[in-house]
Amino acid sequence: MDKPSGLLVRSHCVGTTAVVYASDYLNKLTGERIERECRRQLNCGCRALVIDFSDTKLVNSIGISILLGIIDVAEKNGAKIAFSDVNSQTVQLFEMLGLTRHVVLAKDEREALLTLSGFETTPIVH
Amino acid sequence: MNKAGSSQNFRRVLAQVDPSEFIGRAAQLERIVAHATDESARRGMLGLMEPAAGVSELLRQAYDRIFNQQTEVIPIYFEFTRNDTTAVSAAIEFLNTFLQQYLAFRNDDPSILHATLTLRDIVARASMQDQQWIEALVERYNELRFGKNDRELVRFCLGAPQRIPKERGRPFIMLDGAQLAQYLNGAVPLGTEVLRVFGRGTVSYVLAGLRRQILEAVRDAECNVNSFEYLHLRQLEIIEATLLVEQMAHRQQVEISEMARDLLVQQFGGSPFFINMFLQTARKKAVNVKSKLDCGDLYVAELFGGHLHSYFENLLEEISPRLNTRLRLIAVLWDAVSGKDAISSVETWAQRLNIDAGELAEMLPRLHMYEFINWDGRYIQTGTEPQTWKDYLRIRYQLDVENKPRALVYGEVLSDVLKRAQPTKHSAQVNLGKIVSRFNCQQVPEVLFDYAKFSLNYKGEEPETIASSLDAETEFELPQTVYVANCSSFKIELPPIVDDEHCVIARTFKERRYSDAQEVVWFVACLHEKDAVAVNVATAGKWCERFKALGSELKFHHYQIWLISNSGFTDEALAVLKDYEAFSSDSQQLELLTSRVGETPRDPMVHHSEPSEFRLEMPFGEDNELVAAGTVEQIARRLPFRPDAINQIKMAIVEACINVFEHSFSPDQKISQRFRLESDRLVVTISSRGIVPTNLNGANSRSDTTEAAEARRGYGLILIRSLMDEVEFEPVDDGTSLRMTKYLRDTAS
């Protein structure tokens with residue numbers, strides 16, 4: 001399990017699914033760190049991504065545009081992607097900007113992993 | 001910031017503004033109050049006012065302070081007005097005012113000041129202890145009033161305060177001669193009589209008015225010039241004038257932008273009188289001054305036919321009552337101030353004005369008194385007049401003498417006013433106090449404080465070369481500034497030769513360590529030598545000595561002198577500065593320093609302007625949008641917004657700030673925010689002085705992300721429009737202002 005500190009992003013892998021943890025404020029700087037980590041995980045052979053927002057209080061529009069970039073990259077790599085533990089305010093923003101059309105929203109990390117692993121289970125959407 | 005007094009437990013008696021809003025005259029106010037309360041100070045104080053520098057409110061503030069103290073000192077304030085047609089009528093008015101104010105003070109009842117009382121009423125309302133002397137005073141007055149000796153009556157009325165019995169208190173007379181007309185009808189010159197009466201009495205007093213008029217009255221009254229204390233009242237320093245405009249605009253409920261504010265300060269040269277007049281007009285006309293154009297337009301309209309016009313018109317009429325002569329005078333004055341005849345002989349003027357020696361002898365002292373000219377008996381010189389007067393003269397000359405079309409003149413003057421207000425005029429030295437206040441342990445090139453080395457290595461180099469070479473220079477760690485004040489706040493009387501100079505004193509600590517050993521007081525002066533010559537050895541030596549003396553007087557153990565000059569220093573001056581271990585910089589060094597200091601300003605400051613309005617100014621970057629979001633959350637909670645509405649507002653603010661950070665080219669790298677709470681809404685206005693590209697959807701973003709990511713940018717505005725009820729962009733000077741409104745909704749909806 002990778003657990004870097006400082007400028008790097010916390011992440012770990014469950015099988016072929018990488019779980020990447022977003023920080024408390026998702027802006028350009030922290031968004032780009034997540035993007036790099038997601039690309040790294042995909043390059044290492046991961047087939048699915050979970051971005052966990054349990055620590056995230058606020059996502060700004062630059063953060064959202066970076067998330068859209070990650071969704072693009074994941075799609076191009078044939079990887080599934082889920083967002084877990086997103087607060088209601090952020091869900092509202094994602095809906096406004098259409099992110100929810102491209103991504104699964106899960107209640108928590110466990111549910112996201114479950115959804116992505118089987119993909120038969122209907123994800124619980126906030 | 002230079003504010004006078006506290007408004008706590010304070011009744012406003014005569015003052016027109018709250019003490020906390022009285023800007024720029026704190027040192028002078030303290031001196032007047034100290035003069036009043038010092039029992040041993042039996043001599044007079046002369047307030048020497050530069051024209052339009054304002055004195056009335058200063059005296060009224062002093063009055064209120066003394067009135068509220070309710071000690072044995074009895075304040076008496078009297079304003080000579082232009083309505084006084086003779087010295088006798090002015091003196092009678094003085095007697096009435098004195099008695100009424102005495103009664104108000106003794107009863108500790110300000111309402112008496114506003115009552116209409118006859119002398120008989122005053123006698124009737126006087127206490128037992130006062131009745132006898134007041135009755136005797138009124139009786140004697142009635143005898144003199146119907147006599148034939150005007151001079152005796154004037155002296156009696158002016159001398160009335162001396163009749164207060166010792167045990168009933170000590171009068172302190174404040175005579176406001178800002179509008180004192182020396183040349184009243186009749187034979188008694190009032191200013192001279194005032195000085196004769198008070199100069200020979202034992203009552204403490206202040207006589208304040210136009211400096212040349214007051215000094216002339218001193219001469220005429222044959223007073224000993226050394227027997228007075230002098231109080232100089234010049235135009236406000238730029239920092240204080242800026243504050244005054246902000247305060248006054250707020251009080252008058254006039255919206256004003258920073259650029260308009262700066263233009264106003266520049267245009268009026270820091271004159272509180274003109275600034276007040278202008279903003280009152282803006283209020284009356286319900287005009288907001290949101291841009292340089294708004295400001296310039298109202299200014300020119302005022303000069304064409306507003307209060308400014310009437311002010312100068314009245315003065316010109318007083319100086320030259322006959323219309324034909326007045327028109328010729330306007331032509332002569334305009335030629336003089338526009339540089340054609342900056343120095344002329346009295347004979348030349350007499351010839352051009354086509355008037356006899358007697359009429360000229362009446363006109364010249366008046367022009368000299370208002371400082372429209374400098375007249376030494378033989379020659380007349382111009383060149384130091386305020387800009388407003390020059391603009392007025394130009395208009396009058398072009399309209400009345402050249403008969404140019406009004407629209408043409410209006411347009412020409414307006415465009416010249418706007419051209420004068422280019423941002424380059426907003427030079428770094430203008431904000432000296434602000435620059436020093438931003439010192440916060442930044443590392444800066446040492447050479448920026450060493451003019452000799454800088455001029456040797458960098459003079460004539462391209463700015464880009466200088467900027468890159470400076471990075472290789474030895475670094476110097478600035479201290480952290482904890483307090484900055486103008487020199488006048490420390491009671492430093494600046495000599496007349498440094499009228500236009502800027503001077504601040506800053507308390508700082510090295511390395512943010514708050515101990516005696518680390519405390520250093522910075523004495524900073526910005527010198528403007530005339531004709532762009534370098535500061536010479538005499539000036540440098542004088543300033544160093546002045547600061548050294550001040551450091552010793554105020555017991556500053558460690559101090560640092562820093563002199564700044566637009567045109568540098570002579571070698572001899574630099575040698576002197578070395579002896580004092582003083583720093584030296586020219587305007588280019590200061591500009592470079594400003595840009596470096598400006599990059600890392602101190603923590604953002606929140607100014608509370610009124611209970612329902614808040615202002616926040618903060619630097620770009622460092623996730624500062626979160627500071628704004630936190631602030632707006634606290635403010636929004638004052639209205640019954642639902643939690644999700646508050647979150648939406650926060651998010652919109654974050655996006656608006658990011659938009660500014662991303663797209664603004666603001667030179668000061670600052671973002672201004674105003675939050676206004678109304679009964680049913682919160683209005684947030686965000687602005688920056690930088691030029692925001694018209695394409696606000698992010699196409700011109702400076703970020704270096706990939707094209708695809710770039711293409712997705714622009715969500716910020718979509719979000720703002722979705723989250724707020726009203727969103728409006730408004731071009732302002734050199735930038736854009738974004739106004740966002742969120743309305744309260746019923747919980748049900």
Side-chain angles (χ1 to χ4, degrees), chain A residues 6-7 9 22-40 42-43 51 53 55-77 81 83 86-103 126, chain B residues 620-633 636 641-663 686 696-699 701-724 727 738 740:
Chain A
L7 297 178
V9 177
S23 59
D24 60 344
Y25 178 33
L26 190 64
N27 57 7
K28 181 171 184 280
L29 189 73
T30 55
E32 284 173 352
R33 284 182 197 149
I34 288 174
E35 187 180 20
R36 268 198 302 274
E37 180 60 17
C38 290
R39 283 174 188 272
R40 191 181 72 81
L42 291 171
N43 289 340
I51 300 178
F53 290 88
D55 289 339
T56 307
K57 295 186 180 74
L58 197 67
V59 181
N60 72 24
S61 62
I62 301 177
I64 292 175
S65 74
I66 291 171
L67 290 175
L68 277 165
I70 295 171
I71 294 168
D72 265 359
V73 171
E75 279 176 1
K76 279 177 190 157
N77 280 272
I81 187 162
F83 290 172
V86 188
N87 69 33
S88 58
Q89 182 194 343
T90 307
V91 169
Q92 197 187 4
L93 293 184
F94 287 173
E95 280 170 353
M96 270 181 206
L97 297 176
L99 262 79
T100 44
R101 289 200 298 273
H102 306 284
V103 75
H126 286 264
Chain B
F620 285 11
E622 299 280 336
D623 290 348
N624 283 346
E625 66 273 20
L626 297 180
V627 175
T631 305
V632 80
E633 180 176 10
F641 278 116
R642 284 167 18 192
D644 63 330
I646 290 179
N647 281 333
Q648 288 169 350
I649 297 168
K650 278 171 69 182
M651 193 65 214
I653 303 306
V654 165
E655 290 306 324
C657 289
I658 291 171
N659 200 304
V660 173
F661 298 161
E662 288 259 303
H663 304 298
I686 291 194
L696 286 156
N697 63 8
S701 168
R702 290 166 168 179
S703 68
D704 52 4
T705 48
T706 61
E707 264 180 46
E710 196 66 55
R712 285 191 209 99
R713 303 291 282 276
Y715 292 142
L717 280 174
I718 298 172
L719 284 178
I720 294 170
R721 290 188 200 282
S722 310
L723 297 166
M724 300 297 277
V727 177
L738 169 62
M740 300 172 284

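In what follows, chains carry the letters A, B, and so on, assigned in the order in which the sequence lines appear, proteins first and then strands, with residues in each chain numbered from 1.
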Rounded distance (nearest 0.5 Å) linking atom CD of B:Glu655 with atom CD1 of A:Ile62: 7.5 Å

Audit row: B:Asp644, A:Gln89, side chain to side chain contact (heavy atoms under 4.5 Å, CB included) steps and yes/no: CA-CA 7 Å; B:Asp644 63 330; A:Gln89 182 194 343; over 6 Å; no

Interatomic distance, A:Thr30 atom OG1 to B:Asp623 atom CG [nearest 0.5 angstrom]: 8.0 Å

Euclidean distance, B:Asn659 CG relative to A:Ser61 OG, rounded to 0.5 Å: 8.0 Å

Straight-line distance of B:Ser722 OG to A:Gln92 CD, nearest 0.5 Å: 9.5 Å

Residue pair A:Leu58 / B:Leu626, side-chain heavy-atom distance below 4.5 Å: yes

Results of side chain to side chain donor-acceptor pair (under 3.5 Å) for A:Asp55 - residues two or more places apart only: none

Chain B contact via A:Asn60 - which portion, at a heavy-atom distance below 4.5 Å: both

CG-CG distance between B:Leu719 and A:Leu93, expressed to the nearest 0.5 angstrom: 5.5 Å

Side chain to side chain, A:Met96 and B:Ile718, heavy atoms closer than 4.5 Å: no

